[in-house]
Amino acid sequence: MNRPFFSVLILYWQSEKYLQCCLQSLQGQTFQDFEVILLDNGANQSPEPTALATIQESRLKLIHSETNLGFAGGNNLAARSASGEYLVLVNGDAFPEPNWLETIHQAALFHPGHCFASRLVMADNPAMLDGEWNVYHASGLAWRKNHKKPITKSEKNSRYVMSACAAASAYPRTAFEQAGGFDEEFFAYMEDLDLDMRLQLAGYPFLYLPEAVVRHVGSGSTGYRSDFATYYGQRNLIWVFVKNMPGFLFYLLLPAHIFFNLLYLIAGIFMPSGKALFRGKRDALKGLPGML
């Protein structure tokens, strides 16, 4: 059998109410040369057969992990079962528009060796953006471009960017494997930025495709600004900078990075998730030798 062009990776964990809609949106793609690798990532409840039945059985591979491997480890495991030329990541609470894969396919033909970012819109209000790509500031802070902004503010043309939000992104499989995939120490949050910086440094540029549209619930599994999200986000913020900032830029920008982390610590005093923030910063320091 011919290998599919795309291997679409989906992690299933506390996302049972979104899975059927996600798979339906993939089944309805105008470009059909793809397989779906669905990882049961240590979920308490297995995927419902009725949800799985919404996608063609011959293109679905269901694999299982006894424990939650996180976003990083889970996608690495799913990628090892993939056979496509490109790995496409989509969150279980994300619903691609019908021409999503076709748009990425056309871009891959014209831009070989590139990785691709999608336009994310809010699932319950498509007139608002959930984000376009990951912005990385010189201080080591990161955010999604135009998060919670009207869609009229979005970029109209394709452009090169620093990083793709892994809620809906695409990578040449050879590039992903060359970079070693996600760093599983990150577990979740900012693991996409870590991978993308390594891919950029290895010579694989990122292109934002405004026509590749995905509706995204956002934090459908972990909760928005939860202790979980705060802990891993604040820990991994430091690790991304320490691990990936190249050459003299590391020393030039380190004072700004330290300054903003101190501001976070002060803000944590007044935050509901302040304890999680402090634990994240503590564990980031403990893990510095390995990241260095």
Side-chain angles (χ1 to χ4, degrees), residues 9 11 13 39 41-42 65-80 87 89 115 134-143 162-167 169 171 173-204 206 221-222 226-265 267-268 273-292:
L9 312 184
L11 304 188
W13 184 76
L39 171 66
N41 198 20
S65 171
E66 291 294 332
T67 59
N68 182 2
L69 301 175
F71 190 87
N75 276 298
N76 284 351
L77 177 60
R80 289 195 285 273
L87 298 179
L89 274 60
C115 307
N134 293 329
V135 176
Y136 194 58
H137 190 262
S139 66
L141 301 184
W143 60 88
M162 184 62 177
S163 168
C165 175
S169 56
Y171 314 85
R173 186 158 60 96
T174 53
F176 185 90
E177 292 171 351
Q178 179 185 331
F182 291 104
D183 185 339
E184 297 184 13
E185 290 292 320
F186 279 65
F187 194 77
Y189 290 92
M190 297 191 73
E191 71 293 301
D192 51 359
L193 186 57
D194 167 67
L195 171 63
D196 295 355
M197 289 183 74
R198 288 186 278 121
L199 286 166
Q200 292 272 16
L201 291 167
Y204 295 100
F206 278 74
S221 299
T222 61
S226 62
D227 284 357
F228 180 95
T230 298
Y231 169 80
Y232 284 106
Q234 291 296 320
R235 186 194 68 172
N236 295 348
L237 181 78
I238 295 175
W239 283 2
V240 169
F241 182 91
V242 168
K243 182 180 174 185
N244 297 298
M245 190 59 71
F248 78 96
L249 289 175
F250 174 83
Y251 299 99
L252 179 67
L253 302 175
L254 182 60
H257 187 63
I258 293 173
F259 173 75
F260 278 103
N261 274 281
L262 289 174
L263 288 183
Y264 267 123
L265 289 171
S273 56
K275 290 183 178 179
L277 186 149
F278 295 138
R279 287 191 292 106
K281 296 305 183 189
R282 179 201 64 194
D283 290 351
L285 295 177
K286 287 182 178 179
L288 277 183
M291 291 298 138
L292 288 169

Could you tell me whether the side chain of Leu69 reaches within less than 4.5 Å of the side chain of Thr67, counting heavy atoms only?
yes
To the nearest 0.5 angstrom, please state how far the CG atom of Leu265 sits from the CZ atom of Arg282.
12.5 Å
Could you tell me how the ring of His257 sits relative to the ring of Phe241: parallel (under 30°), tilted (30 to 60°) or perpendicular (over 60°)?
parallel
Between Tyr204 and Gln178, a side-chain donor and acceptor under 3.5 Å:
yes
Please report the shortest heavy-atom distance between Leu87 and Ala79, naming the atom on each side.
CD1-CB, 3.9 Å
Value for CG (Asn261) from CG (Leu277), rounded to nearest 0.5 Å, stands at 9.0 Å
With a 3.5 Å cut-off and no angle check, do the side chains of Glu191 and Asn236 form a donor-acceptor pair?
no
Looking only at the side chains, is there a donor atom on one of Asp196 and Asn134 sitting less than 3.5 Å from an acceptor on the other?
no
Going by an N to O cut-off under 4.0 Å, is there a salt bridge joining Asp183 and Lys243?
yes
Apply the test side-chain contact (heavy atoms from CB on, under 4.5 Å) to residues Lys281 and Leu237: give CA-CA distance (whole Å), side-chain angles for both, the deciding distance (0.1 Å), then the verdict.
CA-CA 9 Å; Lys281 296 305 183 189; Leu237 181 78; 3.7 Å; yes
Option among Phe187, Trp13, Phe182 that satisfies the side-chain contact (heavy atoms from CB on, under 4.5 Å) test with Phe71:
Phe182
Looking at Ser273 and Thr230, what are the two nearest heavy atoms and their distance?
OG-OG1, 3.2 Å
At what distance, to the nearest 0.5 angstrom, does CG of Leu254 lie from CZ of Phe259?
14.0 Å
Can you measure from CE (Met291) to CG (Leu285) and round to the nearest 0.5 angstrom?
12.5 Å
Heavy atoms of other groups near Glu185 CD, more than 12 under 6.0 Å:
no
From Gln200 CD over to Met162 CE, what is the distance, rounded to the nearest 0.5 angstrom?
5.5 Å
Kindly indicate whether the side chain of Met197, heavy atoms from C-beta on, has any atom under 4.5 Å from the side chain of Tyr136.
yes
Verify whether one side chain among Asp283 and Tyr231 offers a donor that lies under 3.5 Å from an acceptor in the other.
yes
Check the pair Ser65 / Leu39 against side-chain contact (heavy atoms from CB on, under 4.5 Å), numbers first and verdict last.
CA-CA 7 Å; Ser65 171; Leu39 171 66; 4.2 Å; yes
Apply the test ring pair (Phe, Tyr, Trp, His ring centres under 6.0 Å) to residues Phe228 and Tyr232: give CA-CA distance (whole Å), side-chain angles for both, the deciding distance (0.1 Å), then the verdict.
CA-CA 6 Å; Phe228 180 95; Tyr232 284 106; 4.9 Å; yes
Please work out which of the three classes, parallel, tilted or perpendicular, describes the rings of Trp143 and His137, given edges at 30° and 60°.
tilted
